[in-house]
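Take a look at the structure set out below.
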Amino acid sequence: MTWLLPIVAALPLLVAALLALVGKWLPHRAADVAALTVAGGALVLGLILVARTADRIVTHWFGGWRPRAGSFPVGIVFAADRIGAAFAALVLLLLLASLLYSWRYVEDEHHLYLVLMLAFGGGMAGFVLTGDLFNMFVFFELMSVAAFALTAYKVEEASPLQGAFNFAVSNTVGAFFVLFGIALLYGRTGSLNLAEIGLRLTNDGRHDALVVVAFSLLTCGFLVKAAMVPFHFWLADAHATAPAPVCVLFSGVMVELGIYAVARIYWTVFDGVLGEFQHPIRDVLLAVGCVTAVLGAVMCGMQRHLKRLLAFSTIAHAGCFLIGIALLTPDGLAGSAVYVLAHAFAKGALFLAGGILLVARDDIDELLLQGRGRGLPVAATAWLVAALALASPPFLGTFTGHALLDDAASVAGYWWVPAVIAFATIGSTAAIVRSGARVFLGWGERDDPLLSEQPSESAAPGEQQASLALMQGVTLVLATAGLVVGALTGLAARAVEAAHRFVDGADYARVVLDHRPPVPVPPETWHTTTLSIAWALVTFAGSFTLGFASLYRQRLPGAVTGALARGLAPLRAVHSGHVGDYVAWLTFGTTVIGGVFALTLR
């Protein structure tokens with residue numbers, strides 16, 4: 001047992017509370033130093049935790065309520081394996097980068113901004129480290145409330161308020177699903193400990209309607225947070241209006257937390273009782289992931305507001321992350337984990353580059369910014385490097401994650417999955433290449449009627465005083481990190497080893513409840529396959545070819561552009577911006593997914 005676990009999450013939360021009390025009287029720079037210091041300290045502790053979880057699961061029982069062997073757990077536990085610890089470290093790393101970027105980016109009520117960012121980061125770290133189901137809900141709500149407030153930070157404008165409202169309503173409905181699912185499991189097992197719930201359900205052996213409904217509610221509730229279709233509508237509204245450094249956390253880790261929760265709960269709680277139904281569960285999750293990946297890529301290509309464009313790109317990639325989880329294999333999980341890492345850095349850099357454009361050019365609209373980014377060479381370089389990372393060229397960027405997913409899907413017999421991932425990658429990255437070429441190089445036509453018009457956005461007075469040199473430095477470092485991840489081919493083997501430990505729910509229960517050492521995981525090796533390199537060349541070439549070609553699509557015959565406009569019109573109409581429509585789609589999606597589970601898991 002170690003105090004390292006709770007301190008990683010508690011440090012940002014404690015300093016957030018302290019700044020809420022005294023931050024009003026502190027100079028801005030003193031508050032910044034305090035926030036950066038605690039984020040950096042928590043990151044160091046998180047990296048130490050990653051090292052300690054190399055061959056074991058680290059636990060901490062609060063208040064000394066550590067159960068004796070065979071006894072019923074009444075205490076609350078934090079339990080971290082390598083994947084959970086690495087996720088917490090990634091949260092804190094992006095938090096540190098966002099705070100450094102925000103040194104002079106957000107000036108209005110600056111201490112409140114720091115309070116919300118630290119609470120947001122601490123809540124996300126606690127979410128991935130806790131071993132208690134109700135604590136997951138508590139941290140879920142803590143980070144959600146902070147995220148709602150950060151989305152509406154420019155409270156004097158209408159668009160942030162609408163985005164925050166849509167975000168809050170959708171995620172609150174998802175939270176109710178999670179809470180009802182927790183209540184059903186508590187009623188069945190009498191426990192909130194993840195390991196104990198899984199053990200009791202496995203020993204009971206019944207997969208009756210209560211278990212199926214609980215599984216459906218928890219899955220759908222967390223898929224709302226993951227912005228899966230048809231629960232995805234809130235995400236673009238939130239990303240389009242939140243400050244750029246906040247979007248780094250939204251796209252880099254918050255969306256992925258919903259997917260992490262689905263994986264953690266399935267393998268820890270439900271695998272023992274629903275393991276015989278892997279095929280229908282896999283099919284449902286694969287269908288949701290594929291539809292999300294394809295729709296996100298298509299919608300991404302229709303945006304001219306850069307932050308909305310990047311938001312739909314995140315939806316497309318999140319669908320690919322879910323595909324890796326849906327394969328229900330360690331290799332698929334490892335692929336998603338490595339993919340998340342490269343995507344978080346690259347997408348974070350793109351959002352930060354968007355923030356630089358907003359500060360330096362007072363706009364975020366691709367068409368209105370045409371050629372106006374020529375005087376920002378560092379931001380342009382970061383945009384290109386990040387786009388290259390997302391295009392997944394061989395041995396760079398998201399390549400390793402893609403390769404693991406492609407190989408895992410092919411081994412499982414889903415030969416078509418690599419094509420779906422390639423489509424999502426090409427469609428979403430081509431839009432990023434197109435916008436970058438138009439903004440930073442001035443290429444392309446002045447108008448494109450296929451792009452959706454969105455409300456304009458301008459920099460706040462405080463943002464215009466931001467330090468561009470510091471902002472560009474942070475952006476370039478993140479973009480480079482995203483590109484380098486793909487070159488770390490040894491990371492794949494370590495990820496597969498960590499995934500084998502993650503999916504072993506029985507071993508997790510033995511460590512947490514009986515305090516036994518974990519079963520050793522055999523060392524893994526991973527070799528690049530010809531298939532993965534071939535798909536990487538396809539996505540790389542396709543992304544840049546389609547991106548440059550779409551700069552001049554007005555040159556297509558009128559019949560072709562007309563057909564495209566008519567075909568895309570229903571998608572525009574569905575994304576109406578009305579929260580009532582979003583709740584209706586959320587209800588529909590939950591009914592369909594829950595109904596399919598009810599029919600197949602029996």
Side-chain angles (χ1 to χ4, degrees), residues 9 12-13 16-17 19-20 23 35 91 94-95 98-99 102 105-106 108-127 136-179 220-228 231-258 261 307-308 310-311 314-315 318 351 355 455 457 460 577-583 585-586:
L13 296 176
L19 284 177
V91 166
L94 292 183
L95 174 63
S98 298
L99 291 175
S102 305
Y105 185 80
V106 178
D108 295 336
E109 299 296 336
H110 187 67
H111 76 285
L112 295 180
Y113 170 78
L114 297 177
V115 167
L116 291 171
M117 288 290 280
L118 290 173
F120 189 36
M124 288 190 289
F127 184 87
M136 288 186 77
F137 172 76
V138 171
F139 283 117
F140 179 98
E141 287 302 288
L142 174 61
M143 65 182 180
S144 294
V145 170
F148 304 156
L150 287 167
T151 302
Y153 199 78
K154 297 179 182 178
V155 70
E156 68 281 357
E157 299 178 16
S159 293
L161 286 177
Q162 181 181 359
F165 183 72
N166 291 347
F167 184 4
V169 171
S170 299
N171 279 258
T172 299
V173 174
F176 274 115
F177 290 164
V178 171
L179 187 60
C220 290
F222 286 122
L223 289 182
V224 172
K225 178 64 71 178
M228 294 294 110
F231 312 131
H232 68 288
F233 297 96
W234 63 268
L235 186 138
D237 294 341
H239 283 59
T241 55
V246 175
C247 293
V248 173
L249 295 174
F250 281 6
S251 267
V253 282
M254 184 187 72
V255 168
E256 290 78 1
L257 284 180
K307 289 201 292 185
R308 287 186 71 89
L310 296 175
T314 295
I315 292 173
F351 272 110
E457 182 179 357
H578 298 299
V579 70
D581 295 343
Y582 295 176
V583 173
W585 278 107
L586 194 153

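Each residue takes its place number in the sequence, starting with 1. These figures come from a predicted structure and were not determined experimentally.
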The test is side chain to side chain contact (heavy atoms under 4.5 Å, CB included); show your working for Val579 and Phe165 and say whether it passes.
CA-CA 8 Å; Val579 70; Phe165 183 72; 3.6 Å; yes
Stepwise side chain to side chain contact (heavy atoms under 4.5 Å, CB included) test for Phe233 and Leu586:
CA-CA 9 Å; Phe233 297 96; Leu586 194 153; over 6 Å; no
Trace of the side chain to side chain contact (heavy atoms under 4.5 Å, CB included) decision for Met228 with Ile315
CA-CA 7 Å; Met228 294 294 110; Ile315 292 173; over 6 Å; no
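With Trp234 contributing its side chain and Tyr582 its backbone, the two residues share no donor-acceptor pair below 3.5 Å. Thr151 places no side-chain N or O within donor-acceptor distance of the main-chain N or O of Ala164, the cut-off being under 3.5 Å.
Taking CG of Leu249 as the start and CG of Leu150 as the end, the distance is 8.5 Å to the nearest 0.5 Å. Here Tyr113 contributes atom OH and Leu116 contributes atom CG; the two are 9.5 Å apart, rounded to the nearest 0.5 Å. Annotation: the span from Leu223 atom CG to His232 atom NE2 amounts to 13.5 Å, rounded to 0.5 Å. The line from CZ of Phe222 to CG of Leu257 is 10.0 Å long, rounded to the nearest 0.5 Å.
A pairwise comparison of heavy atoms in Ala318 and Ala226 identifies CB-O, 4.1 Å as the closest pair. Looking at every heavy atom in both residues, Leu114 comes nearest to Ala35 through CD2-CB, 4.1 Å. Phe139 and Gly123 make their closest contact through CB-O, 3.5 Å (heavy atoms, listed as atom of the first residue, atom of the second, distance). Between Cys247 and Lys307, the closest heavy-atom pair is SG-CD, 4.4 Å. For the residue pair Leu310 and Phe351, the shortest heavy atom distance occurs at CB-CZ, 3.5 Å. In terms of heavy atoms, Pro245 sits closest to Met117 at O-CE, 4.2 Å.
A heavy-atom distance below 4.5 Å is found between the side chains of Leu99 and Leu118.
By the side chain to side chain contact (heavy atoms under 4.5 Å, CB included) test, Ala175 pairs with Phe137, Phe140, Glu141, sequence neighbours left out. In this view, Val115 and Ala16, Leu19, Ala20 satisfy the side chain to side chain contact (heavy atoms under 4.5 Å, CB included) rule, not counting sequence neighbours. The side chain to side chain contact (heavy atoms under 4.5 Å, CB included) search around Ala311 returns Leu235, Ala236, His239, not counting sequence neighbours. For Asn171, the side-chain hydrogen bond (donor to acceptor under 3.5 Å, both in side chains) partners are Lys225, not counting sequence neighbours. Applying the side chain to side chain contact (heavy atoms under 4.5 Å, CB included) test to Ala147 and every residue at least two apart in sequence or in another chain returns Phe120, Phe167, Phe250, Met254.
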